[in-house]
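Let me begin by presenting the structure, written as structure tokens, before commenting on it.
Predicted model, so just to flag it, every value in this text is computed and none were measured. Per chain, numbering begins at 1; letters A, B, ... match sequence-line order.
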Amino acid sequence: MLKETELKRPNRLNFTGGWNYDPAPESASNVKLKETYQHFINGKFTEPEEGKYFATLNPATEEKLADVADGSAADVDAAVKAARNGYNKYWSKLSGRDRARYIYRIARMIQERAREFAIIESLDGGKPIRESRDVDVPLSAAYFFYYAGWADKLEYAFPNRNPKPVGVAGQIIPWNFPLMMAAWKIAPALAAGNTVVLKPAETTPLTCLKLAEIIQEADLPPGVVNFVTGAGATGSEIVSHPDIDKVAFTGSTKVGKMIHKSVAGTNKKLTLELGGKAANIVMDDAPLDQAVEGIVNGIFFNQGHVCCAGSRLFVQEGVADTVRDKLIDRMESLIVGDPLDKNTDIGAINSQKQLQTINNYLELGLNEGGEIYQSSCPIPDKGYWVAPTLIGNVSQSHRIVQEEIFGPVLTIQTFRTPAEVIEKANNTPYGLSGGVWTDKGSKIFNLTSQLRAGVVWANTYNKFDPTSPFGGYKESGIGREGGLHGLSAYLKF
Amino acid sequence: MADRLDIQKTYKMYVGGAFIRSESGHYYPLTGKGGKLTANICLATRKDFRDAVTKARGAQEKWAGRSAYNRGQILYRIAEMMEGRKDQFIAELVREGLTKKQAEKETLATIDRVVYFAGWTDKYTQLFSTVNPVQSSHFNFSLPEPMGVVVVMAPEKPSLLGLVSSILPAIVGGNTVIALASTGAPLSALTFSEILHSSDVPGGVINILTGKTEDLAEHFSTHMDVNAVVYAREDESMLHQIQENATGNLKRVYHVWYKDWYSDEVDNPYAIADLQETKTTWHPVGI
């Protein structure tokens, strides 16, 4: 792999000039974590039936943060029963206005405890505090706030229809945005009048369990929100439970397809938000410095653990060398390290397993003949890390161009005409997102309207908002989350 | 006048704007009263279906790219052409066992349904789009876009109204369709394709196959270049199989079933929305 020193050219973005960043860690002293966390069922923390626990680690230090209950079929069954009871006895009897009041409470309590949630998110998941503090947590509160307001206005959302809640929703979320994914799932479900059983990912259960505290403090009726922790086996118990009316899953396309198959022939309603391999397209008239920032944000945001990450960079030939040089210079200035440090740009890879997956792809890239450039930034001794990586000399048929890596790894290809780049961008089974960089509005619309993807960013990337529907075409998923469209996933008509 | 010997029609399938026989040469006899042969009907094969998908895919982008107004006029033209040839539809439905009165009712209801959906082409986008008030400085909007190639498994009965009602929501929204006609009563579906041929519907936009569900359902639901399946039949176990097969490329599967295909609930724009993807665009504002 190439380091910048071997490129034999000066970096024009050398910020250090004899100065170094001092550590600026966010203090975790006011964060209180218990040694052990149980499931949250029927409004109470509940021992797992089989008494089994597993450890959740800090991926930046490989140290244990807490032990978490391992959910069995019996635990899932108890949670579904609680959710059914919560639906029949309380939630379905409340007016939309009262449901709204509870959801507003949750939003406000997340805001009140925002910093605590941000720190735990960074401890448990490895993401930089700058992101958990400025993106994950505020957006989570915003999703609850947005959907709270829908609870008493549902009859205006779908003209000439008569929306009814689906019942009990089983929800399974990934480890890349633990609290935010919980908010995306829970907020619209509750607003639409459903109760939920949610399983956070096994490597990042802590913010969900902290959210359980808020749900207790907000006095939600028992059983309306239930959390069962565990790995894939626990998730499949939720999906296959006969008393679940709706399944919502965010995660890999492979698991999404297994879930799709397992709900076939049932009357369970299904939404899937799956993988992606998004094209980020830079036209030759783009504002290049802004585009380089966008490329960096597109792929290195949250260590590239983002389903909509802009992992395939396409640059128009005339500016390809310039963009590549500017990008490498910028990558060299990125700080990889302690997620709790406010200067950190790229935190820890979420788990050892994911680190292995990414490293396998890097090896594959080398074997496929890719020219791999990696930032020469220092990397901590302990924990799981990958330096920001750019791979050139690749074409459409390379596996690193076709498959989702889910890490800070970007491939770069060039193109001459808009028609060529659209062909290349759409030539994938995925269709979640895409990016377009150009100075011309009409060009933006020309390209965005041809991309077969559910979310398209122009001169920006990786932006999210509760009012803005999100979700994929083709094998990137079924249904939308967010906005008015996101409500229909939790209603029957 | 002395009895004149009729000129009988060879009924063919309609694929890519051409009237074709099955590549296999296979057929099934359609019989009327007393077991008398009504017509020999093509038995579509996997190969016929695959060819139809190629044609439908080839036509999709252009069909979706036409203006909504133009699509509306073309669909309205279908109704005009049917109105002029309604006697033929009625006669065919009668040959397949309906009474004159039933056949008339079905034909007229079909024409009315075409007119109803023709009117949606330039309206559903307004209904299902949103401008989203995001916090950042972006003009953020969500629009429906066609899913692509849609397979329609039309109901056995009512053979004409059911077929047309289950195709319309797909093509109004810019999708292209491969439809399997009623096995027991395919005549009016095949005559419907002659209407399509003469009403400016571009070749490949609607393709009509005849044959048996049990031969074709697996291929319909496993083909990797099909985006959605509309299953407008009652057999739950076949539906289950289709849903399972659809996992391969995450086809969207819709079970469309109406107890009464004549009812107003079939006149429903949400059926168009079901076959649309939502695209959200973030357009910069300010710089």
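With chain A as the partner, the residue from B:E236, B:E61, B:E244 showing the most heavy-atom pairs under 4.5 Å is B:E244.
A:L272 touches chain B through its side chain: at least one heavy atom from C-beta onward sits under 4.5 Å away, while N, CA, C and O do not. Both the backbone and the side chain of A:I478 come within less than 4.5 Å of a heavy atom in chain B. Using a 4.5 Å cut-off between heavy atoms, A:A453 contacts chain B through its backbone alone, with no side-chain atom that close. Contacts between A:T460 and chain B at a heavy-atom distance below 4.5 Å involve the side chain alone, from C-beta outward. Neither the backbone nor the side chain of A:P429 has a heavy atom closer than 4.5 Å to any heavy atom of chain B. With a 4.5 Å cut-off on non-hydrogen atoms, A:P287 does not touch chain B at all.
Outside the 6.0 Å centre-distance limit, the rings of B:Y254 and B:Y231 are not counted as a close aromatic pair.
Checked against A:N280 for a side chain to side chain donor-acceptor pair (under 3.5 Å), the options A:Y461, A:W457, A:W437 give a single hit: A:W437.
In this structure, CZ on B:R71 lies 10.0 Å from CZ on B:R66, to the nearest 0.5 angstrom. A distance of 11.5 Å separates CG in B:N268 from OG in B:S165, rounded to the nearest 0.5 Å. Atom CG of residue A:N459 and atom OG1 of residue A:T438 lie 7.0 Å apart, to the nearest 0.5 angstrom.
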